[in-house]
Amino acid sequence: MQSKAGQVKLPGFFMAFSIRQKNITENVKITLDFNALKCYTLTERTAGAFFFYALTEHETEEDDMPITDFLVRNAELYPNEVCLVEINPAEQKSRTWREYELIESDRDEKYRREMTWEDFDRKSNRFANLLLSRGVKRGDKVAILLMNCLEWLPIYFGVLKTGALAVPMNYRYTADEIKYCLDLADCSVLVFGPEFIGRIEDIANRIPKVKEMFYVGEDCPSFADSYEKYAAYCTSKNPGIALTDDDDAAIYFSSGTTGFPKAILHAHRALVSSCITEQKHHGQTRDDVFLCIPPLYHTGAKMHWFGSLLSASKAVLLRGVKPEWIIETVSREKATIVWLLVPWAQDILDTIDRGEIDLDKYELSQWRLMHVGAQPVPPSLIKRWKEHFPNHDYDTNYGLSESIGPGCVHLGIENIEKVGAIGVPGYGWECDIVDENRKSVKQGEVGELAVKGPGVMKCYYKDEAATKAVLSDDGWLYTGDMAKQDEDGFIYLVDRKKDVIIMGGENIYPVQIEDYLRANNKIADVAVIGVPDPRLGEVTLAVIQVKEGMSMTEEEVNDFCLDLPRYKRPRKIVFMDVPRNPTGKIEKPKLRKQFCGGSLVEAQIK
């Protein structure tokens, strides 16, 4: 079954005109300033009770526009407006890197920092010029290994302005994994923060391709140069290096939940398309404030922030995930859009239900949109959310790093009655569900989800075989996710292709069992895997994380599952915390290694 949404042709492809109407009180005149930008114009006019946002193609000899020009435009139009805020909400205990949660602080003290569009652009120019002074050229690779901080995005854009490729890295990597990824991506420069000194020191003499290392923070180690010191000596003038849609822009690494990370190569076209898709889906205007909590190294967080870049609106980087911190930050910073992972949303609701948060004490009326991604969303969670936040719009986005992150499929705020689905093709995207021969299946049948659009990767860098396994000659990306489509065209995830459990010849999709168990009010999180069985080949094992302050027995779980078909009921039950990676995905290889003795990572790197 194949479907598609608004078609996009890049470059010079997009015209968006969204109106949010409150009370009609007067006529409004729209003015477009075609001199504000090389190829496109972003303008906003507010009059009476209307809010207009328009991005309009401008006639020019240039036929493409890199994402860096959005930053230049914002700095020219809104130089003194705050664009980024970094908040460390409370003093936090010191901890080793292995104990870091999804996002944590690298400083102990409470603080708030902010940056204007002009400062953002200048800092990116200074770093670009610093890189150029060290011999960095078009096509070189610059790795970024930082926790979320105010310096992260200016460094990223500084890399892009040189024509080099930005290579964001997972802060949970071990020293050997960092080395592996640096080698795989052919990185010649590494930018890192204080949390990584020990790991980088361990490998500093074993990464010969890395010629320059810059340290972001105080007390620079002897084997690196200080980013702040040397960037300060460089001019803040734009280096003016021409970029095109087809130029290589960035390498992202797959999450590694199904094997060792692969290097995913994206062009500038993909970055621009993600800006357009995000804004089209969520209608950001300059009035919005985006609260960003997940790590910026991942496509999810950054590509949602791209909607703020396109609309020239403020974003807040919150260094912590406690429910109280999230609600407090929404209130103080007047956040209007918040992207959460399922565990964080559950924690917020649980904290409210326990009476530990009184919503009446906070200013939350401006909060208009809560959206969730990175994993299937239980309908029961959104039902609970709407009970506490009835005026919120809700959306969910599906994507993967190979498709430049979220948005190739999205639910849409107008389709909340379809909660549980990942949605329909995103703006500019096509979707298909195919069988093992990559032929479209009938509507309602389970098959592999395939997507096609302007954000599809160019390839897995230096891995032709892996690229051919997932990317067709005509641009279809085969996701490895099993899905089905209902009679209205909405797509539902069934499971990962590689996570399917085959028990006695019967296919079992763990996500169906996980969604069912999450409806139990004692269960905080759950993961289902297949474990070896001498008779049936595999049987299901449910790893259940019980909510704080509650207890649960195997008998209770078994009784709760009586409404499931017998073959879907968990055969084994373990109570423990469910491991998730920094982007919220369940680390099933870790569970398989623990309960089955197998490791996909070890098998691949032998």
Side-chain angles (χ1 to χ4, degrees), residues 97-98 100-104 106 127 131 136 140-149 151-160 164-204 206-217 221 223-224 227 248-257 259-266 271 292 294-303 305 317 319 374 400-402 404-405 457 460-463 581-585 587 601 605:
W97 68 271
R98 292 182 185 276
Y100 278 120
E101 298 294 343
L102 291 172
I103 182 68
E104 290 284 358
D106 64 337
F127 188 56
L131 291 174
V136 172
D140 286 349
K141 287 84 177 178
V142 179
I144 302 172
L145 185 58
L146 296 170
M147 305 294 285
N148 279 15
C149 60
E151 291 80 11
W152 209 110
L153 288 166
I155 287 171
Y156 182 86
F157 274 77
V159 174
L160 297 182
L165 283 70
V167 185
M169 299 184 71
N170 186 333
Y171 65 73
R172 294 286 292 274
Y173 284 159
T174 65
D176 286 340
E177 287 171 327
I178 292 169
K179 178 186 181 303
Y180 175 91
C181 291
L182 291 171
D183 289 342
L184 177 61
D186 293 323
C187 294
S188 59
V189 180
L190 170 62
V191 183
F192 67 99
E195 300 84 2
F196 311 100
I197 291 176
R199 279 173 275 176
I200 301 305
E201 189 172 25
D202 285 346
I203 62 172
R206 296 188 286 131
I207 46 175
K209 294 179 183 178
V210 177
K211 306 301 182 185
E212 301 284 348
M213 287 193 280
F214 294 103
Y215 172 79
V216 180
F223 55 86
Y227 156 78
D248 295 342
I251 289 176
Y252 288 87
F253 293 99
S254 62
S255 62
T257 57
F260 208 77
K262 296 181 178 68
I264 300 163
L265 177 61
H266 279 292
L271 300 187
C292 180
L296 286 168
Y297 73 76
H298 192 261
T299 54
K302 189 157 32 324
M303 280 46 182
W305 172 78
L317 305 176
R319 304 177 66 97
L400 53 164
S401 296
E402 289 87 343
I404 206 62
M457 68 175 182
Y460 287 121
Y461 183 66
K462 292 170 39 175
D463 196 337
N581 72 7
T583 62
K585 292 182 180 179
E587 294 185 301
V601 172
I605 63 176

Report the distance from atom [atom1] of [X] to atom [atom2] of [Y], rounding to the nearest 0.5 Å.
X	Y	atom1	atom2	value
Lys585	His298	NZ	NE2	5.5 Å
Trp152	Leu146	CH2	CG	7.5 Å
Leu190	Cys181	CG	SG	11.5 Å
Cys187	Ile207	SG	CD1	9.5 Å
Leu145	Phe196	CG	CZ	4.0 Å

Note, [X] side chain near [Y] side chain (heavy atom, < 4.5 Å):
X	Y	answer
Leu296	Leu317	yes
Ile144	Tyr297	no
Asp140	Val189	no
Tyr252	Lys302	yes
Phe214	Leu131	yes
Leu271	Met303	yes
Tyr180	Ile203	no

Heavy atoms only: give me the nearest [X]-[Y] pair and the separation to one decimal.
X	Y	value
Ser254	Tyr173	O-OH, 4.2 Å
Asn581	Glu587	N-CG, 3.5 Å
Met169	Ile178	CE-O, 3.6 Å
Ala175	Asp202	CB-CB, 4.1 Å
Ile200	Met213	CG2-SD, 3.7 Å
Ala301	Pro294	CB-O, 3.6 Å

- [ ] Dump the intermediate steps for salt bridge (Lys or Arg N to Asp or Glu O under 4.0 Å) on Arg206 and Asp183, then the final yes or no.
- [x] CA-CA 10 Å; Arg206 296 188 286 131; Asp183 289 342; over 6 Å; no
Task: Test ring-ring contact (aromatic ring centres under 6.0 Å, His included) applied to Tyr215 and Phe192, step by step - done: CA-CA 5 Å; Tyr215 172 79; Phe192 67 99; 5.5 Å; yes
Open item on the list: My understanding is that only one of Ile264, Leu184, Asn170 makes a side-chain contact (heavy atoms from CB on, under 4.5 Å) with Phe253; could you say which?
Closed with: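 Going through the options one by one, the only one that passes is Leu184.
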TODO: Say whether, by atom type as modelled, one donor and one acceptor occur between the side chain of His266 and the main chain of Ser401 under 3.5 angstrom.
DONE: yes
Open item on the list: Check this for me, if you would: do Lys209 and Asp186 make a salt bridge, where the nitrogen-to-carboxylate-oxygen distance has to be below 4.0 angstrom?
Closed with: yes
